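Notes to accompany the following structure.
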Amino acid sequence: MDCPSHPIVTGSTVVYPYNDTSLKPAELGASIFVDANKNLVRAAKEFNLDVISFEDGNEQLGVWDGSTILVTVRVILYAVRSFLTRFRRWERVASLERFGKILSCSGATATDHQ
Amino acid sequence: MGESSFFGKIWENIKLLWRYGYRSPMTTTALVKQMIDTYLSLYSTVTQWDSVESVSSALNFTDIVAQDSATYLAAQGVGDAFAYEIVESATRVNYGHNLDKIHALEGMCSMAANGAKGIKKGNYHVFKRFLKVSKANVHLNTLVTALHYTPEGRWALRTKGDAGSANEVTLPETYDSVILAAPYHTLTMNLPPSVAPVVPVEYVHLHVTLLSTTSPSANPEYFGLDPADTVPHMMLTTAQGIRAGGPAPEFNSMSYHGRIAPGRDEWVVKIFSEKRIDDQWLSNMFTNVGWVHRKEVNLFPSSLLRDF
(Lines give C-alpha, C1' and ligand atoms only; values in the text may rest on other atoms or scores of the structure.)
Protein backbone atom coordinates (compact mmCIF):
# COMPACT_ATOMS: atom_id res chain seq x y z
CA MET A 1 0.00 0.00 0.00
CA ASP A 2 1.22 3.42 -0.89
CA CYS A 3 0.96 5.17 2.38
CA PRO A 4 2.72 8.38 3.22
CA SER A 5 1.91 8.16 6.90
CA HIS A 6 4.10 6.89 9.67
CA PRO A 7 3.56 3.15 10.01
CA ILE A 8 3.99 3.25 13.79
CA VAL A 9 0.34 3.05 14.77
CA THR A 10 -1.55 0.78 12.42
CA GLY A 11 -4.91 1.94 13.77
CA SER A 12 -4.11 5.48 12.67
CA THR A 13 -3.36 5.74 8.98
CA VAL A 14 -4.52 8.12 6.29
CA VAL A 15 -4.89 7.65 2.57
CA TYR A 16 -5.28 10.35 -0.08
CA PRO A 17 -7.96 10.20 -2.76
CA TYR A 18 -6.31 9.20 -6.04
CA ASN A 19 -3.03 9.05 -4.03
CA ASP A 20 -2.92 12.81 -4.52
CA THR A 21 -1.43 14.41 -1.41
CA SER A 22 -2.84 17.81 -2.39
CA LEU A 23 -6.32 16.42 -1.61
CA LYS A 24 -7.82 16.03 1.84
CA PRO A 25 -6.49 12.93 3.64
CA ALA A 26 -9.01 10.33 4.78
CA GLU A 27 -8.52 8.33 7.97
CA LEU A 28 -8.60 4.59 7.41
CA GLY A 29 -9.15 3.60 11.01
CA ALA A 30 -9.55 5.59 14.19
CA SER A 31 -10.97 8.82 12.86
CA ILE A 32 -11.97 10.72 15.99
CA PHE A 33 -10.97 11.36 19.54
CA VAL A 34 -13.07 13.13 22.15
CA ASP A 35 -12.65 15.63 25.00
CA ALA A 36 -12.34 12.76 27.49
CA ASN A 37 -9.14 11.66 25.69
CA LYS A 38 -7.28 14.33 27.61
CA ASN A 39 -3.78 13.33 26.54
CA LEU A 40 -4.67 13.47 22.85
CA VAL A 41 -6.44 16.80 23.27
CA ARG A 42 -3.42 18.17 25.13
CA ALA A 43 -0.96 16.75 22.60
CA ALA A 44 -2.85 18.31 19.70
CA LYS A 45 -2.69 21.64 21.49
CA GLU A 46 0.95 21.46 22.57
CA PHE A 47 2.09 20.24 19.16
CA ASN A 48 0.07 23.01 17.51
CA LEU A 49 -1.73 20.60 15.23
CA ASP A 50 -4.80 21.86 13.37
CA VAL A 51 -7.91 20.22 14.74
CA ILE A 52 -11.23 19.75 12.96
CA SER A 53 -14.35 19.54 15.09
CA PHE A 54 -17.01 17.03 14.10
CA GLU A 55 -19.49 18.47 16.53
CA ASP A 56 -21.00 21.43 14.80
CA GLY A 57 -21.94 19.45 11.72
CA ASN A 58 -25.43 20.11 10.56
CA GLU A 59 -25.53 16.77 8.84
CA GLN A 60 -28.31 14.27 8.93
CA LEU A 61 -27.97 10.91 10.52
CA GLY A 62 -30.16 7.91 9.78
CA VAL A 63 -30.53 4.50 11.37
CA TRP A 64 -31.05 1.65 8.86
CA ASP A 65 -32.18 -1.84 9.82
CA GLY A 66 -31.59 -3.51 6.46
CA SER A 67 -35.10 -2.82 5.14
CA THR A 68 -36.21 0.53 6.54
CA ILE A 69 -34.74 3.78 7.80
CA LEU A 70 -36.08 3.69 11.35
CA VAL A 71 -35.22 7.24 12.31
CA THR A 72 -33.57 10.29 10.79
CA VAL A 73 -32.13 13.07 12.89
CA ARG A 74 -29.55 15.74 12.71
CA VAL A 75 -26.37 14.38 14.28
CA ILE A 76 -27.95 12.32 16.96
CA LEU A 77 -25.96 13.24 20.03
CA TYR A 78 -26.39 16.88 19.26
CA ALA A 79 -30.11 16.35 18.83
CA VAL A 80 -30.44 14.28 21.97
CA ARG A 81 -28.40 16.75 23.95
CA SER A 82 -30.28 19.78 22.73
CA PHE A 83 -33.64 18.32 23.57
CA LEU A 84 -32.43 17.06 26.90
CA THR A 85 -31.08 20.48 27.85
CA ARG A 86 -34.35 22.03 26.90
CA PHE A 87 -36.40 19.52 28.86
CA ARG A 88 -34.14 19.69 31.86
CA ARG A 89 -34.78 23.40 31.93
CA TRP A 90 -38.53 22.79 31.73
CA GLU A 91 -38.29 20.23 34.47
CA ARG A 92 -36.43 22.66 36.70
CA VAL A 93 -38.95 25.39 36.01
CA ALA A 94 -41.81 22.99 36.68
CA SER A 95 -40.39 21.75 39.98
CA LEU A 96 -39.60 25.25 41.15
CA GLU A 97 -43.12 26.35 40.33
CA ARG A 98 -44.43 23.46 42.35
CA PHE A 99 -42.69 24.94 45.36
CA GLY A 100 -44.31 28.25 44.68
CA LYS A 101 -41.12 30.05 43.76
CA ILE A 102 -40.88 32.70 41.16
CA LEU A 103 -38.19 32.16 38.62
CA SER A 104 -36.78 34.95 36.60
CA CYS A 105 -35.34 34.32 33.17
CA SER A 106 -31.88 35.41 34.18
CA GLY A 107 -32.01 33.10 37.19
CA ALA A 108 -32.84 30.16 34.96
CA THR A 109 -29.86 30.90 32.76
CA ALA A 110 -27.53 31.38 35.66
CA THR A 111 -28.35 28.03 37.21
CA ASP A 112 -28.11 26.14 33.94
CA HIS A 113 -24.60 24.84 33.66
CA GLN A 114 -25.30 22.14 31.09
CA MET B 1 -40.78 20.83 6.76
CA GLY B 2 -37.39 22.46 6.40
CA GLU B 3 -35.20 20.48 8.74
CA SER B 4 -32.67 23.25 9.13
CA SER B 5 -35.21 25.85 10.25
CA PHE B 6 -35.94 26.65 13.86
CA PHE B 7 -39.26 24.83 13.61
CA GLY B 8 -37.49 21.95 11.88
CA LYS B 9 -35.34 21.50 14.95
CA ILE B 10 -38.28 21.61 17.30
CA TRP B 11 -40.08 19.15 15.07
CA GLU B 12 -37.06 16.87 15.21
CA ASN B 13 -37.01 16.99 19.00
CA ILE B 14 -40.70 16.20 19.16
CA LYS B 15 -40.16 13.27 16.80
CA LEU B 16 -37.37 11.93 19.02
CA LEU B 17 -39.36 12.47 22.19
CA TRP B 18 -42.32 10.70 20.65
CA ARG B 19 -40.22 7.73 19.58
CA TYR B 20 -37.96 7.29 22.59
CA GLY B 21 -39.69 9.06 25.45
CA TYR B 22 -37.95 11.26 27.95
CA ARG B 23 -36.53 8.77 30.41
CA SER B 24 -34.45 6.56 28.11
CA PRO B 25 -32.25 9.28 26.58
CA MET B 26 -31.94 11.01 29.98
CA THR B 27 -30.90 7.83 31.77
CA THR B 28 -28.42 6.92 29.03
CA THR B 29 -26.87 10.39 29.13
CA ALA B 30 -26.53 10.12 32.92
CA LEU B 31 -24.91 6.67 32.68
CA VAL B 32 -22.46 7.88 30.05
CA LYS B 33 -21.58 10.90 32.16
CA GLN B 34 -21.03 8.72 35.22
CA MET B 35 -18.74 6.40 33.23
CA ILE B 36 -16.76 9.35 31.82
CA ASP B 37 -16.35 10.96 35.24
CA THR B 38 -14.95 7.70 36.60
CA TYR B 39 -12.68 7.30 33.59
CA LEU B 40 -11.40 10.87 33.93
CA SER B 41 -10.21 10.12 37.46
CA LEU B 42 -7.43 8.07 35.82
CA TYR B 43 -5.76 11.28 34.67
CA SER B 44 -5.34 12.57 38.20
CA THR B 45 -4.62 9.30 39.96
CA VAL B 46 -1.10 8.42 41.01
CA THR B 47 -1.82 4.87 42.15
CA GLN B 48 -0.09 2.14 40.21
CA TRP B 49 -1.62 -1.16 39.20
CA ASP B 50 -0.15 -4.49 38.20
CA SER B 51 -2.93 -5.65 35.94
CA VAL B 52 -5.90 -4.58 33.87
CA GLU B 53 -8.04 -6.49 36.36
CA SER B 54 -6.92 -4.31 39.25
CA VAL B 55 -7.51 -1.05 37.32
CA SER B 56 -10.96 -2.27 36.39
CA SER B 57 -11.70 -3.18 39.98
CA ALA B 58 -10.33 0.12 41.35
CA LEU B 59 -12.62 2.05 39.00
CA ASN B 60 -15.61 -0.11 39.95
CA PHE B 61 -15.91 -1.26 36.35
CA THR B 62 -16.03 -4.96 37.29
CA ASP B 63 -19.84 -5.10 37.11
CA ILE B 64 -20.21 -3.29 33.82
CA VAL B 65 -17.57 -5.28 31.97
CA ALA B 66 -19.24 -8.50 33.12
CA GLN B 67 -22.61 -7.71 31.53
CA ASP B 68 -23.69 -6.90 28.01
CA SER B 69 -24.96 -3.43 27.16
CA ALA B 70 -28.48 -4.60 26.32
CA THR B 71 -28.96 -6.24 29.73
CA TYR B 72 -27.36 -3.29 31.49
CA LEU B 73 -29.50 -0.64 29.79
CA ALA B 74 -32.70 -2.63 30.33
CA ALA B 75 -31.86 -3.00 34.04
CA GLN B 76 -31.35 0.78 34.25
CA GLY B 77 -34.79 1.37 32.76
CA VAL B 78 -33.73 2.36 29.23
CA GLY B 79 -36.40 1.34 26.74
CA ASP B 80 -35.70 -1.14 23.95
CA ALA B 81 -36.32 1.35 21.14
CA PHE B 82 -33.64 3.77 22.35
CA ALA B 83 -31.24 0.98 23.31
CA TYR B 84 -31.47 -1.02 20.10
CA GLU B 85 -31.84 1.87 17.67
CA ILE B 86 -29.64 4.62 19.07
CA VAL B 87 -27.12 2.97 21.38
CA GLU B 88 -26.77 -0.06 19.10
CA SER B 89 -26.13 2.15 16.07
CA ALA B 90 -23.27 3.68 18.09
CA THR B 91 -21.83 0.31 19.20
CA ARG B 92 -21.97 -0.96 15.62
CA VAL B 93 -20.23 2.05 14.11
CA ASN B 94 -17.62 2.40 16.86
CA TYR B 95 -16.82 -1.21 17.73
CA GLY B 96 -18.48 -3.39 15.09
CA HIS B 97 -20.66 -5.07 17.71
CA ASN B 98 -24.33 -5.49 18.42
CA LEU B 99 -25.68 -4.23 21.74
CA ASP B 100 -26.11 -7.70 23.24
CA LYS B 101 -22.53 -8.69 22.36
CA ILE B 102 -20.62 -5.76 23.81
CA HIS B 103 -19.96 -5.18 27.48
CA ALA B 104 -21.60 -2.20 29.12
CA LEU B 105 -18.39 -0.19 29.56
CA GLU B 106 -17.64 -0.26 25.86
CA GLY B 107 -21.33 0.30 25.10
CA MET B 108 -21.32 3.49 27.17
CA CYS B 109 -18.01 4.54 25.56
CA SER B 110 -19.69 4.31 22.17
CA MET B 111 -22.09 7.04 23.26
CA ALA B 112 -19.36 9.30 24.66
CA ALA B 113 -18.84 11.52 21.63
CA ASN B 114 -18.70 14.89 23.38
CA GLY B 115 -16.14 17.09 21.67
CA ALA B 116 -15.50 14.70 18.77
CA LYS B 117 -12.51 15.94 16.81
CA GLY B 118 -9.63 14.85 14.61
CA ILE B 119 -6.27 16.17 13.44
CA LYS B 120 -6.71 17.89 10.10
CA LYS B 121 -3.72 16.27 8.43
CA GLY B 122 -4.34 12.89 10.04
CA ASN B 123 -4.40 11.69 13.63
CA TYR B 124 -1.10 9.84 13.13
CA HIS B 125 0.66 13.21 13.43
CA VAL B 126 0.09 13.07 17.20
CA PHE B 127 1.98 9.77 17.46
CA LYS B 128 4.67 10.92 15.07
CA ARG B 129 5.26 13.94 17.29
CA PHE B 130 5.24 11.81 20.45
CA LEU B 131 8.13 9.83 18.98
CA LYS B 132 10.01 12.91 17.88
CA VAL B 133 9.62 14.73 21.19
CA SER B 134 10.55 11.66 23.24
CA LYS B 135 13.75 11.34 21.19
CA ALA B 136 13.13 7.61 21.03
CA ASN B 137 15.23 5.50 18.68
CA VAL B 138 12.80 4.02 16.20
CA HIS B 139 13.75 0.80 14.43
CA LEU B 140 11.32 0.31 11.56
CA ASN B 141 11.13 -2.91 9.55
CA THR B 142 12.86 -4.72 12.36
CA LEU B 143 11.54 -8.03 13.64
CA VAL B 144 12.12 -8.85 17.29
CA THR B 145 12.84 -12.58 17.32
CA ALA B 146 13.51 -13.09 21.01
CA LEU B 147 13.46 -11.34 24.36
CA HIS B 148 15.58 -12.47 27.22
CA TYR B 149 16.36 -11.37 30.71
CA THR B 150 20.04 -10.75 31.38
CA PRO B 151 21.84 -11.82 34.59
CA GLU B 152 21.99 -8.08 35.40
CA GLY B 153 18.19 -8.02 35.46
CA ARG B 154 17.67 -6.14 32.21
CA TRP B 155 15.91 -6.97 28.97
CA ALA B 156 17.89 -7.78 25.83
CA LEU B 157 16.40 -8.07 22.35
CA ARG B 158 17.36 -10.28 19.44
CA THR B 159 16.31 -8.77 16.15
CA LYS B 160 16.36 -9.42 12.46
CA GLY B 161 16.45 -6.77 9.75
CA ASP B 162 17.64 -3.90 11.93
CA ALA B 163 19.32 -1.20 9.82
CA GLY B 164 18.95 -3.46 6.79
CA SER B 165 20.89 -6.31 8.41
CA ALA B 166 19.87 -9.76 7.17
CA ASN B 167 21.37 -11.54 10.17
CA GLU B 168 19.84 -12.10 13.53
CA VAL B 169 21.65 -9.95 16.06
CA THR B 170 21.38 -9.06 19.73
CA LEU B 171 20.97 -5.31 20.11
CA PRO B 172 23.77 -3.72 22.15
CA GLU B 173 21.31 -1.79 24.35
CA THR B 174 19.48 -3.42 27.24
CA TYR B 175 16.26 -2.13 28.75
CA ASP B 176 14.54 -1.76 32.13
CA SER B 177 11.11 -2.56 30.73
CA VAL B 178 9.64 -3.80 27.48
CA ILE B 179 6.09 -3.18 26.33
CA LEU B 180 4.65 -5.68 23.87
CA ALA B 181 2.32 -3.48 21.83
CA ALA B 182 0.83 -6.10 19.56
CA PRO B 183 -1.94 -8.66 19.93
CA TYR B 184 -0.20 -11.33 21.99
CA HIS B 185 -1.28 -14.27 19.82
CA THR B 186 0.31 -12.67 16.73
CA LEU B 187 3.76 -12.53 18.31
CA THR B 188 6.37 -14.81 16.74
CA MET B 189 9.17 -13.98 19.16
CA ASN B 190 10.63 -16.30 21.77
CA LEU B 191 9.77 -15.17 25.26
CA PRO B 192 11.21 -16.40 28.53
CA PRO B 193 8.86 -18.61 30.55
CA SER B 194 8.65 -15.87 33.20
CA VAL B 195 6.43 -13.84 30.83
CA ALA B 196 2.92 -14.93 31.70
CA PRO B 197 0.98 -15.79 28.53
CA VAL B 198 -2.00 -13.63 27.66
CA VAL B 199 -5.30 -15.31 26.87
CA PRO B 200 -5.82 -14.97 23.09
CA VAL B 201 -8.35 -12.30 22.17
CA GLU B 202 -10.41 -12.49 19.03
CA TYR B 203 -10.58 -9.42 16.84
CA VAL B 204 -13.51 -8.02 14.91
CA HIS B 205 -12.67 -8.36 11.24
CA LEU B 206 -14.00 -5.46 9.21
CA HIS B 207 -13.78 -4.21 5.65
CA VAL B 208 -13.11 -0.51 5.24
CA THR B 209 -14.06 0.93 1.87
CA LEU B 210 -13.04 4.49 1.13
CA LEU B 211 -14.23 6.04 -2.09
CA SER B 212 -14.83 9.34 -3.77
CA THR B 213 -18.01 10.20 -5.62
CA THR B 214 -19.51 13.17 -7.38
CA SER B 215 -22.96 12.07 -6.16
CA PRO B 216 -23.94 14.37 -3.29
CA SER B 217 -26.08 11.62 -1.77
CA ALA B 218 -26.31 7.84 -1.72
CA ASN B 219 -29.01 6.18 -3.80
CA PRO B 220 -32.36 7.01 -2.14
CA GLU B 221 -34.09 4.07 -3.80
CA TYR B 222 -31.77 1.60 -2.10
CA PHE B 223 -33.20 2.87 1.19
CA GLY B 224 -36.79 2.77 0.00
CA LEU B 225 -36.97 6.56 -0.28
CA ASP B 226 -38.43 8.70 -3.02
CA PRO B 227 -35.90 9.25 -5.87
CA ALA B 228 -35.99 12.98 -5.12
CA ASP B 229 -35.09 12.45 -1.44
CA THR B 230 -31.65 12.91 0.04
CA VAL B 231 -30.17 10.05 2.03
CA PRO B 232 -28.75 11.10 5.42
CA HIS B 233 -25.03 11.73 5.12
CA MET B 234 -24.28 9.43 7.98
CA MET B 235 -26.12 6.14 7.82
CA LEU B 236 -25.76 3.97 10.89
CA THR B 237 -27.35 0.57 11.36
CA THR B 238 -29.11 -1.59 13.91
CA ALA B 239 -29.50 -5.37 14.10
CA GLN B 240 -33.21 -5.01 14.88
CA GLY B 241 -34.07 -6.05 11.31
CA ILE B 242 -32.05 -9.25 11.70
CA ARG B 243 -33.73 -9.98 15.04
CA ALA B 244 -37.12 -9.65 13.35
CA GLY B 245 -36.06 -12.17 10.68
CA GLY B 246 -35.31 -9.54 8.04
CA PRO B 247 -32.21 -9.07 5.91
CA ALA B 248 -28.98 -7.92 7.58
CA PRO B 249 -27.76 -4.43 6.72
CA GLU B 250 -25.03 -4.82 4.08
CA PHE B 251 -22.82 -2.35 5.91
CA ASN B 252 -22.24 -1.28 9.52
CA SER B 253 -21.96 2.41 8.71
CA MET B 254 -21.71 4.57 5.63
CA SER B 255 -20.71 8.22 5.98
CA TYR B 256 -19.86 11.18 3.83
CA HIS B 257 -16.58 12.65 5.07
CA GLY B 258 -16.55 15.98 3.29
CA ARG B 259 -15.21 17.21 -0.03
CA ILE B 260 -11.93 15.85 -1.36
CA ALA B 261 -10.81 19.46 -1.86
CA PRO B 262 -12.44 22.79 -0.96
CA GLY B 263 -14.97 23.87 -3.56
CA ARG B 264 -14.76 20.63 -5.52
CA ASP B 265 -18.03 18.71 -5.88
CA GLU B 266 -16.57 15.35 -5.07
CA TRP B 267 -16.90 13.74 -1.66
CA VAL B 268 -15.09 11.08 0.31
CA VAL B 269 -17.31 8.31 1.65
CA LYS B 270 -16.28 5.69 4.19
CA ILE B 271 -18.03 2.38 4.59
CA PHE B 272 -17.43 -0.19 7.32
CA SER B 273 -18.84 -3.63 6.57
CA GLU B 274 -18.49 -7.24 7.62
CA LYS B 275 -18.27 -8.39 4.00
CA ARG B 276 -16.39 -7.01 1.02
CA ILE B 277 -18.22 -4.21 -0.78
CA ASP B 278 -17.76 -4.81 -4.52
CA ASP B 279 -17.63 -2.33 -7.40
CA GLN B 280 -21.10 -3.20 -8.62
CA TRP B 281 -22.60 -2.48 -5.19
CA LEU B 282 -20.76 0.85 -5.13
CA SER B 283 -21.96 1.94 -8.55
CA ASN B 284 -25.52 1.13 -7.57
CA MET B 285 -25.16 3.15 -4.35
CA PHE B 286 -23.27 6.09 -5.89
CA THR B 287 -23.84 6.70 -9.57
CA ASN B 288 -20.37 8.10 -10.11
CA VAL B 289 -17.53 6.45 -8.28
CA GLY B 290 -14.05 7.92 -8.72
CA TRP B 291 -11.37 6.53 -6.46
CA VAL B 292 -11.79 3.39 -4.33
CA HIS B 293 -9.51 2.11 -1.59
CA ARG B 294 -10.25 -1.11 0.31
CA LYS B 295 -8.64 -2.44 3.42
CA GLU B 296 -9.43 -5.31 5.76
CA VAL B 297 -8.74 -4.52 9.37
CA ASN B 298 -8.80 -6.11 12.80
CA LEU B 299 -9.42 -2.82 14.53
CA PHE B 300 -10.65 -3.88 17.93
CA PRO B 301 -10.90 -6.93 20.13
CA SER B 302 -14.13 -8.84 20.17
CA SER B 303 -15.68 -7.40 23.25
CA LEU B 304 -16.76 -10.59 24.94
CA LEU B 305 -17.70 -10.15 28.54
CA ARG B 306 -14.81 -9.96 30.95
CA ASP B 307 -14.73 -11.51 34.39
CA PHE B 308 -12.69 -8.72 35.94
Side-chain angles (χ1 to χ4, degrees), chain A residues 1 5-9 11-15 17-18 22-36 38-41 43-44 47 49-55 58-77 79-84 86-87, chain B residues 3-4 12-13 16-17 19 22 25-26 29 36 39-40 43 85-86 89 112-131 140 208 210 212 223-224 231-238 240-242 246-249 257-258 260-261 268 270 291 293 295 297 299:
Chain A
M1 188 183 64
S5 75
H6 211 292
I8 272 296
V9 182
S12 182
T13 313
V14 294
V15 286
Y18 304 104
S22 71
L23 299 175
K24 202 182 84 168
E27 296 277 354
L28 255 181
S31 50
I32 64 162
F33 54 96
V34 298
D35 282 339
K38 289 195 173 194
N39 290 334
L40 291 174
V41 172
F47 296 153
L49 298 168
D50 283 346
V51 169
I52 328 163
S53 168
F54 297 114
E55 276 234 307
N58 216 11
E59 306 212 323
Q60 284 240 309
L61 181 148
V63 179
W64 169 247
D65 75 351
S67 310
T68 322
I69 297 179
L70 299 178
V71 63
T72 306
V73 283
R74 198 172 317 282
V75 173
I76 205 116
L77 289 171
V80 169
R81 201 176 326 125
S82 79
F83 100 68
L84 288 181
R86 211 159 292 161
F87 278 89
Chain B
E3 294 276 336
S4 58
E12 203 160 73
N13 290 338
L16 282 175
L17 189 66
R19 191 169 181 94
Y22 169 61
M26 274 299 267
T29 307
I36 289 281
Y39 168 82
L40 288 179
Y43 290 94
E85 292 175 15
I86 303 304
S89 71
N114 268 9
K117 54 180 113 299
I119 305 295
K120 197 174 174 186
K121 291 182 177 168
N123 292 332
Y124 74 92
H125 282 278
V126 172
F127 308 107
K128 208 174 156 177
R129 292 292 291 273
F130 276 152
L131 283 175
L140 295 174
V208 186
L210 280 164
S212 70
F223 294 101
V231 177
H233 274 174
M234 185 188 270
M235 195 58 102
L236 303 184
T237 56
T238 155
Q240 282 298 70
I242 307 171
H257 280 253
I260 66 170
V268 170
K270 185 171 179 179
W291 159 83
H293 181 91
K295 187 155 171 70
V297 288
L299 276 183

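The structure displayed is predicted, hence computed values, not measured ones. Keep in mind that the numbers below use all heavy atoms, side chains included, and drop hydrogens, waters and symmetry copies. Numbered from 1 within each chain, the chains take letters A, B, ... in sequence-line order.
Note on Ala26(A), Gly66(A), Ser67(A): by heavy-atom pairs under 4.5 Å with chain B, the leading option is Gly66(A).
Only the side chain of Ser212(B) comes within less than 4.5 Å of a heavy atom in chain A; its backbone stays farther off. The part of Leu40(B) that comes within reach of chain A is its side chain, from C-beta onward, which places non-hydrogen atoms under 4.5 angstrom from that chain. The parts of Arg129(B) that come within reach of chain A are both its backbone and its side chain, each placing non-hydrogen atoms under 4.5 angstrom from that chain. The part of Pro25(A) that comes within reach of chain B is its side chain, from C-beta onward, which places non-hydrogen atoms under 4.5 angstrom from that chain.
Taking CD from Gln240(B) and OG1 from Thr68(A), the interatomic distance works out to 11.5 Å, rounded to the nearest 0.5 Å. Atom CG of Asn123(B) is separated from atom OG1 of Thr13(A) by 10.5 Å, given to the nearest 0.5 angstrom. Rounded to the nearest 0.5 angstrom, Lys117(B) NZ and Asp35(A) CG are separated by 4.0 Å. Here the CD1 atom belonging to Ile86(B) is positioned 7.5 Å from the CG atom belonging to Leu61(A), to the nearest 0.5 angstrom. To the nearest 0.5 Å, atom CG of residue Leu23(A) and atom CD1 of residue Ile260(B) are 4.5 Å apart. Taken to the nearest 0.5 Å, the CG atom of Leu49(A) stands 9.0 Å off from the NZ atom of Lys121(B).
Heavy atoms only, all atoms of each residue included: Val34(A) and Ala116(B) are closest at CG1-CA, 4.2 Å. Residues Val63(A) and Thr237(B) come closest through the heavy atom pair CG1-C, 4.3 Å. Here the closest heavy-atom approach between residue Leu28(A) and residue Leu210(B) is recorded as CD2-CD1, 3.6 Å. The nearest pair of heavy atoms linking Lys38(A) to Tyr43(B) is N-OH, 3.0 Å. Nearest heavy atoms, Tyr39(B) versus Ala36(A): CE2-O, 3.4 Å. The two residues Thr72(A) and Pro232(B) make their nearest non-hydrogen contact at CG2-CG, 3.7 Å.
Not counting sequence neighbours, Lys24(A) has no partner by the salt bridge (Lys or Arg N to Asp or Glu O under 4.0 Å) test. Take His233(B) and apply the ring-ring contact (aromatic ring centres under 6.0 Å, His included) test, not counting sequence neighbours, and it matches Tyr256(B).
Looking only at distances, no side-chain donor or acceptor of Tyr124(B) sits under 3.5 Å from a matching main-chain atom of Glu27(A).
Considering Leu40(A), Asn39(A), Val41(A) as possible partners of Val126(B), the one that fulfils the side chain to side chain contact (heavy atoms under 4.5 Å, CB included) test is Leu40(A).
Ring geometry for Tyr18(A) against Trp291(B) counts as tilted: the plane angle lies between 30° and 60°, on a 0 to 90° scale.
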